[in-house]
S.K.: 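Before I ask anything, let me first share the structure, which is written out below as structure tokens.
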2 protein chains.
Amino acid sequence: MEHPVRFGETSVMTEQLSPASLASQGAEHPGEHPGEHPGEHQGAHPAPLPAHELRSDARDNRDRILQVARKVFAEKGIDVSMREVARRAEVGPATLYRRFPTKEALVTEAFREQMAICTAIVDDGLADPDPWRGLSGAIEQVCVMHAQDRGFTAAFVSAFPQAVDFAQERSRALRSLAELIRRAKESGGLRRDVVLDDVVLLIMANSGIRATSRQAAVAASRRFVALQLRSISARPDDGPLPPAVRLPLMAAIH
Amino acid sequence: MEHPVRFGETSVMTEQLSPASLASQGAEHPGEHPGEHPGEHQGAHPAPLPAHELRSDARDNRDRILQVARKVFAEKGIDVSMREVARRAEVGPATLYRRFPTKEALVTEAFREQMAICTAIVDDGLADPDPWRGLSGAIEQVCVMHAQDRGFTAAFVSAFPQAVDFAQERSRALRSLAELIRRAKESGGLRRDVVLDDVVLLIMANSGIRATSRQAAVAASRRFVALQLRSISARPDDGPLPPAVRLPLMAAIH
DNA sequence: GCCGAACCGGACGGGGTGTTCCATGTGAAC
DNA sequence: GTTCACATGGAACACCCCGTCCGGTTCGGC
């Protein structure tokens with residue numbers, strides 16, 4: 001079962017966090033509280049983010065922005081400017097900022113779904129009667145997800161400490177993963193000297209893979225994961241690996 | 001507008017290549033030719049880079065710039081601005097640009113030595129009577145090098161196609177590596193289904209590892225490589241792994 | 001010590017980014 | 001249909017960076 005995904009990128013933006021990111025900290029989660037109409041007019045992030053009762057046009061814009069953001073983050077990584085997102089969504093910068101007071105907010109919201117998919121993948125693995133199969137499948141799927149979506153990878157690893165719900169979701173996924181690892185060891189599928197950090201290390205390393213195209217990245221990731229699984233499996237099956245992939249670095253050697 | 005292509009895009013500095021990078025292309029390697037005194041006055045990159053016969057103060061500055069650049073690139077990666085390098089070297093931007101007409105030039109020059117070390121490592125491995133030991137040692141050393149110096153990693157993988165001698169050196173290293181792999185397979189130490197691209201993949205993946213400190217990164221890298229070697233070894237020894245490392249991502253799970 | 005060439009760094013114009021202000025437009029409740 | 005709070009986009013702010021020009025400084029040969 002394939003989850004829909006996108007990609008990620010490396011580095012940065014960590015240093016570009018706005019001064020306002022702190023301000024947006026104190027605000028409560030929007031929640032479902034009806035009748036919550038703070039009469040403040042705009043300018044300087046009035047309320048963090050109203051829930052889903054926006055005016056129809058505003059709601060449309062919000063949706064379009066998120067859609068565009070997800071796409072462009074996946075293609076070019078997380079470093080694309082807010083302005084470009086606004087441009088592509090055919091929206092003024094102010095509109096973008098009223099919905100997402102900060103770039104961090106936009107990124108967090110854009111990847112909330114994928115983050116959830118991530119945990120879902122792990123939970124799926126947990127549901128598998130064969131823990132080793134569940135674990136290896138989960139690892140592969142998560143890695144492929146990262147290979148497809150540069151932005152998600154960046155968001156995942158660089159991981160704004162501020163974005164609370166992001167961290168929460170990740171924390172949940174990690175807990176499930178830990179349990180899955182425990183079971184996989186118990187069942188004899190996973191080597192006993194492998195720990196949770198190793199699996200995270202592996203996923204992190206996977207994000208270092210660069211290729212010329214998204215397909216190539218996925219293929220490379222598949223091969224990489226297959227190799228990885230050999231190294232952590234208690235009884236490696238020695239079956240054939242996915243095909244090797246020619247990497248960009250190799251161009252020089254013709 | 002399509003990128004001039006080559007390598008794995010991934011942003012970073014790709015968009016910051018100066019227009020002058022082309023100009024610096026045509027120029028010959030400075031070489032040792034004495035009596036090469038183009039009387040042009042400065043402004044707009046007069047000669048690419050005079051060799052080692054600068055005025056004493058200029059030479060001092062050049063050395064200091066390179067020293068600072070290496071340090072700051074290692075710490076913060078390749079994305080630091082030219083201005084910051086200049087500031088840290090206590091030099092005006094103009095001075096920096098006069099010595100290194102382009103950021104690419106600075107990076108290339110800063111990492112020339114490390115690049116050479118890289119090939120030396122591989123050649124050392126080639127000299128080892130036990131090809132498998134030579135290969136695994138080389139892999140570990142290169143990976144540790146990358147873990148210690150983020151900038152070098154970036155320079156290595158993103159790899160300006162323009163920087164000819166850089167590419168040459170890397171190409172040389174790759175050729176040696178290929179030979180080392182061939183021998184390791186022949187000697188029965190390396191699995192037969194592993195190819196050169198896999199080792200490169202592995203090194204690339206290693207560069208995805210992030211940690212809270214340089215020591216942690218090195219430790220994580222060591223563990224990672226040990227796992228890797230298990231997956232490509234024809235007869236994994238099952239010995240103890242280097243210690244596991246707590247990764248930054250894990251902070252959330254306390 | 002002189003003097004010219006080599007060298008220096010501050011400052012400039014052009015461009016980009018994250019974010020906010022404000023005058024204008026518009027959905028929707030009455 | 002009127003009304004007004006909400007929504008909008010262009011312009012603007014403050015900052016940073018890039019690569020270059022220019023007037024002043026310093027090296028080093030004479």
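Below, chain A is the first sequence line, B the second, and so on; all start at residue 1. We use all heavy atoms of the structure for the numbers below, so side chains are in, but hydrogens, waters and symmetry mates are not.
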S.K.: Is A/E75 salt-bridged to A/R88, cutoff N-O under 4.0 Å?
M.R.: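 Between A/R88 and A/E75 there is a salt bridge, with a charged N closer than 4.0 Å to a carboxylate O.
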S.K.: Side chain to side chain donor-acceptor pair (under 3.5 Å) with B/R64: which residues, sequence neighbours excluded?
M.R.: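 Per chain and number, B/R64 pairs via side chain to side chain donor-acceptor pair (under 3.5 Å) with B/N61.
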S.K.: Among D/dT8, D/dC27, C/dT20, which nucleotide sits nearest the side chain of A/P93?
M.R.: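 Nearest to the side chain of A/P93 among the choices is C/dT20.
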S.K.: A/I78 CD1 to C/dT17 P: how many Å, rounded?
M.R.: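 Rounded to the whole Å, the gap is 16 Å.
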S.K.: Expressed as a whole number of angstroms, how long is the span from A/D79:CG to C/dG16:C1'?
M.R.: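 The answer, rounded to whole Å, is 13 Å.
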S.K.: Specify the separation, in whole Å, of atom CD of A/E84 and atom P of D/dG9.
M.R.: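 Spelled out: CD on A/E84 to P on D/dG9 is 17 Å.
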S.K.: In this structure, how many angstroms lie between the C1' atom of D/dT20 and the CZ atom of B/F100, rounded?
M.R.: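 From B/F100 CZ to D/dT20 C1': 18 Å.
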S.K.: Give a yes or no on whether a salt bridge exists between B/E109 and B/R112, defined as a side-chain N under 4.0 angstrom from a carboxylate O.
M.R.: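 Yes, charged N to carboxylate O under 4.0 Å.
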S.K.: Among the nucleotides D/dC18, D/dC27, C/dC7, which one has an atom lying closest to any side-chain atom of B/S56?
M.R.: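 Between D/dC18, D/dC27, C/dC7, the one nearest the side chain of B/S56 would be D/dC27.
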S.K.: Checking A/F224 now: which residues fulfil ring-ring contact (aromatic ring centres under 6.0 Å, His included) with it, not counting sequence neighbours?
M.R.: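 By the ring-ring contact (aromatic ring centres under 6.0 Å, His included) rule, A/F224 matches no residue at all.
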S.K.: Is B/R83 close enough to D/dT20 that one of its side-chain N or O atoms is under 4.0 Å from OP1 or OP2 there?
M.R.: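 For D/dT20, neither OP1 nor OP2 has a side-chain N or O of B/R83 closer than 4.0 Å.
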S.K.: Under 4.0 Å: is that the gap between some side-chain N or O of A/N61 and OP1 or OP2 of D/dA7?
M.R.: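 For D/dA7, OP1/OP2 do not have a side-chain N/O of A/N61 under 4.0 Å.
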S.K.: Which is more 5' along DNA chain C, the nucleotide nearest A/M82 or the one nearest A/A94? Just name the residue.
M.R.: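 Between the two, 5'-proximity favours A/M82.
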S.K.: A side-chain contact here means heavy atoms from C-beta on lying under 4.5 Å apart; do A/R172 and A/R175 qualify?
M.R.: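 A side-chain contact under 4.5 Å is absent here.
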S.K.: For the side chain of A/R98, counting heavy atoms from C-beta on, which of C/dC7, D/dA7, C/dG18 is nearest?
M.R.: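 Between C/dC7, D/dA7, C/dG18, the one nearest the side chain of A/R98 would be D/dA7.
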S.K.: Establish, with yes or no, whether the OP1 or OP2 oxygen of D/dC17 is under 4.0 angstrom from a side-chain nitrogen or oxygen of B/S81.
M.R.: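 For D/dC17, OP1/OP2 do have a side-chain N/O of B/S81 under 4.0 Å.
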S.K.: Starting from P on D/dG19, measure out to CG on B/L96 and report it in whole angstrom.
M.R.: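 In whole Å, D/dG19 P lies 10 Å from B/L96 CG.
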S.K.: Looking only at side-chain N and O atoms, does B/T95 come under 4.0 Å of OP1 or OP2 in C/dC7?
M.R.: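 Looking at the OP1 and OP2 atoms of C/dC7, neither is under 4.0 Å from any side-chain N or O of B/T95.
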S.K.: Ignoring the backbone of A/R55, work out which of C/dG25, C/dG9, D/dG10 is nearest its side chain.
M.R.: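 Looking only at heavy atoms from C-beta outward on A/R55, the closest nucleotide is C/dG25.
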S.K.: How close or far is atom P of D/dC18 from atom CG of B/L106, stated in whole angstroms?
M.R.: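 Result: 11 Å.
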S.K.: Using atom CD of B/E90 as one end and atom P of C/dG10 as the other, report the distance to the nearest whole Å.
M.R.: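 It is 11 Å, rounded to the nearest whole Å.
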S.K.: Between B/R64 (CZ) and C/dC8 (C1'), how many Å, whole number?
M.R.: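 So the two atoms are 12 Å apart, to the nearest Å.
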S.K.: Would you say a side-chain N or O of B/Y97 is under 4.0 Å from OP1 or OP2 of D/dG19?
M.R.: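 So the side chain of B/Y97 is within the cut-off, an N or O lying under 4.0 Å from OP1 or OP2 of D/dG19.
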S.K.: Would you say A/R59 reaches D/dA7's phosphate, i.e. side-chain N/O to OP1/OP2 under 4.0 Å?
M.R.: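 A/R59 to D/dA7 OP1/OP2: no side-chain N or O under 4.0 Å.
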